[in-house]
Amino acid sequence: MNADIARIVLTEERIAGKVKEAAAWLDGKFSKANTAPLFIGVLKGSVMFFCDLVRAMHTPVVIDFMKVSSYGTNASSSGMPKIEMDLSESVSGRDVVLVEDIVDSGFTLARLRELMIGRGAKTFTVVTLLDKPARRVVSVRADFACFEVGDEFIVGYGLDYAQRYRNLPYIGVLKREIYEDETKGIKR
Ligand code: IMP
Ligand code: MG
């Protein structure tokens, strides 16, 4: 285990098992669709989940990415997530599946839902690896959430602290001293 991690919350095996379930759910939903659904990965946090998820599916999909950053103060995200990189695909008239790492305050998801509906998506489905309902500010929910987590800051399998720990194969809680030293606090 990485020396900066205090406790593992989700092991690699548990994540892999649940990713298969999410993929099966998506196959059930889209296998009979006439056109391939457009899977949108929200960078950077969802990359590990996104790649494992689409590879576990049997339904042909089209993939695209966008980068969204929640500006604002340290420990909490702002209400105005900024689109830093947009899609290259058009969403108009398509089945859109948004793949998120975590739904926390809900600002990011609310913003992306509004954006995709506004651009004319035929359907909009949200799959998230993690759901942190205790911190919700905007009332939004994913159609499929792999795991519900408590109100603690976690890293790994895509999730970062100051851009680090994304490549851990499991999800864990960071040791307190790692972020207590930082003057900037937890930047999300
Ligand atoms: P939102 O608050 O729902 O808009 O989520 C914004 C983003 O905050 C998520 O997509 C994550 O990138 C990040 N985030 C929220 N909670 C955590 C956490 O516990 N660890 C790492 N990143 C987090
Ligand atoms: Mg994110």
Side-chain angles (χ1 to χ4, degrees), residues 1-2 4-12 14-15 18-19 22 39-53 64-87 96-117 124-180 182 184-188:
M1 190 167 82
N2 185 293
D4 295 351
I5 300 296
R7 178 168 55 85
I8 293 181
V9 175
L10 293 165
T11 62
E12 199 174 345
R14 268 194 82 191
I15 295 169
K18 206 68 181 178
V19 168
F39 273 59
I40 301 175
V42 184
L43 299 174
K44 305 175 191 171
S46 78
V47 279
M48 312 298 170
F49 176 47
F50 187 93
C51 295
D52 288 343
L53 183 68
D64 202 356
F65 298 93
M66 75 195 288
K67 190 164 190 286
V68 182
S69 67
S70 34
Y71 283 156
T73 49
N74 310 323
S76 61
S77 59
S78 78
M80 276 169 285
K82 190 171 179 289
I83 309 297
E84 294 199 329
M85 188 193 90
D86 211 334
L87 300 170
V96 172
V97 180
L98 190 81
V99 181
E100 264 285 18
D101 54 352
I102 183 166
V103 183
D104 190 43
S105 68
F107 285 126
T108 308
L109 180 52
R111 174 84 181 92
L112 292 177
R113 178 185 293 276
E114 179 192 77
L115 192 69
M116 296 307 151
I117 302 293
F124 184 70
T125 304
V126 179
V127 181
T128 187
L129 175 67
L130 305 166
D131 185 13
K132 220 190 243 187
R135 285 181 41 97
R136 201 75 93 252
V137 178
V138 201
S139 169
V140 286
R141 56 185 298 274
D143 298 284
F144 192 105
C146 292
F147 302 100
E148 201 172 285
V149 291
D151 188 7
E152 52 188 356
F153 195 77
I154 49 187
V155 296
Y157 195 64
L159 296 157
D160 74 308
Y161 169 65
Q163 297 303 328
R164 292 176 59 205
Y165 311 106
R166 291 194 198 273
N167 65 320
L168 296 179
Y170 50 83
I171 291 172
V173 179
L174 213 49
K175 282 182 182 162
R176 200 163 261 284
E177 61 259 35
I178 305 296
Y179 53 88
E180 270 183 348
E182 306 275 333
K184 283 181 181 165
I186 298 171
K187 193 171 189 304
R188 297 184 184 186

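Below, each value reflects all heavy atoms present in this structure, side chains not excepted, and no hydrogens, waters or symmetry copies. Just so you know, ligand 1 is whichever comes first in the structure, and atom 1 is the first atom listed for that ligand.
No side-chain donor-acceptor contact under 3.5 Å links Asp4 and Tyr161.
Within the set Asp104, Asp101, Val42, Thr128, the minimum heavy-atom distance to atom 12 (O) of ligand 1 is found for Asp101. The nearest non-hydrogen atom to atom 23 (C) of ligand 1, considering only Tyr161, Phe153, Phe107, comes from Phe153.
Annotation: the span from Asp86 atom CG to Leu115 atom CG amounts to 6.5 Å, rounded to 0.5 Å.
Set against the non-hydrogen atoms of Thr108, the atoms of ligand 1 under 4.0 Å away are 1 (P), 4 (O), 5 (O), 6 (C). Applying the 4.0 Å criterion to heavy atoms of Lys132 picks out, from ligand 1, the atoms 16 (N), 17 (C), 18 (C), 19 (O). Listed by number with element, the atoms of ligand 1 under 4.0 Å from a non-hydrogen atom of Asp160 are 21 (C).
Using a 30° and 60° split on the angle between ring planes, Phe39 and Phe50 fall in the perpendicular class, above 60°.
Val155 and Leu168 make their closest contact through CG2-CD1, 4.4 Å (heavy atoms, listed as atom of the first residue, atom of the second, distance).
Under a 4.0 angstrom heavy-atom cut-off, Val137 registers as lying outside contact with ligand 1. The shell of residues lying under 4.0 angstrom from ligand 1, judged by heavy atoms, includes Ile154. Taking 4.0 Å as the cut-off, Glu100 counts as a neighbour of ligand 1 on heavy-atom distance. Heavy-atom separations between Arg111 and ligand 1 are all 4.0 Å or longer.
For ligand 1, the polar-atom distance check finds an N/O of Ser105 within less than 3.5 Å of one of the ligand's N/O atoms. Annotation: Gly106 places an N or O atom under 3.5 Å from an N or O atom of ligand 1; distance criterion only. Considering both main-chain and side-chain atoms, Val103 never comes within under 3.5 Å of ligand 1 through any nitrogen or oxygen pair.
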Inset, instruction - Just do the side chain to side chain contact (heavy atoms under 4.5 Å, CB included) check on Leu112 and Ile83 with the steps written out, would you? - result: CA-CA 9 Å; Leu112 292 177; Ile83 309 297; 4.0 Å; yes
Inset, instruction - Report the C-alpha separation of Tyr165 and Asn2 in whole Å, then their side-chain angles, then the decisive distance to 0.1 Å, and conclude whether the side chain to side chain donor-acceptor pair (under 3.5 Å) test is met. - result: CA-CA 9 Å; Tyr165 311 106; Asn2 185 293; 5.4 Å; no
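Between Arg136 and Asp131, at least one side-chain nitrogen of the basic residue sits less than 4.0 Å from a carboxylate oxygen of the acidic one, meeting the salt-bridge criterion.
No part of Leu109 comes within 4.0 Å of ligand 1, judged by heavy-atom distances. If you look at Leu159 next to ligand 1, the close heavy atoms, those under 4.0 Å, all belong to the side chain.
For Arg7, the side-chain hydrogen bond (donor to acceptor under 3.5 Å, both in side chains) partners are Glu152, not counting sequence neighbours.
No side-chain heavy atom of Lys44 sits less than 4.5 Å from a side-chain heavy atom of Asp160.
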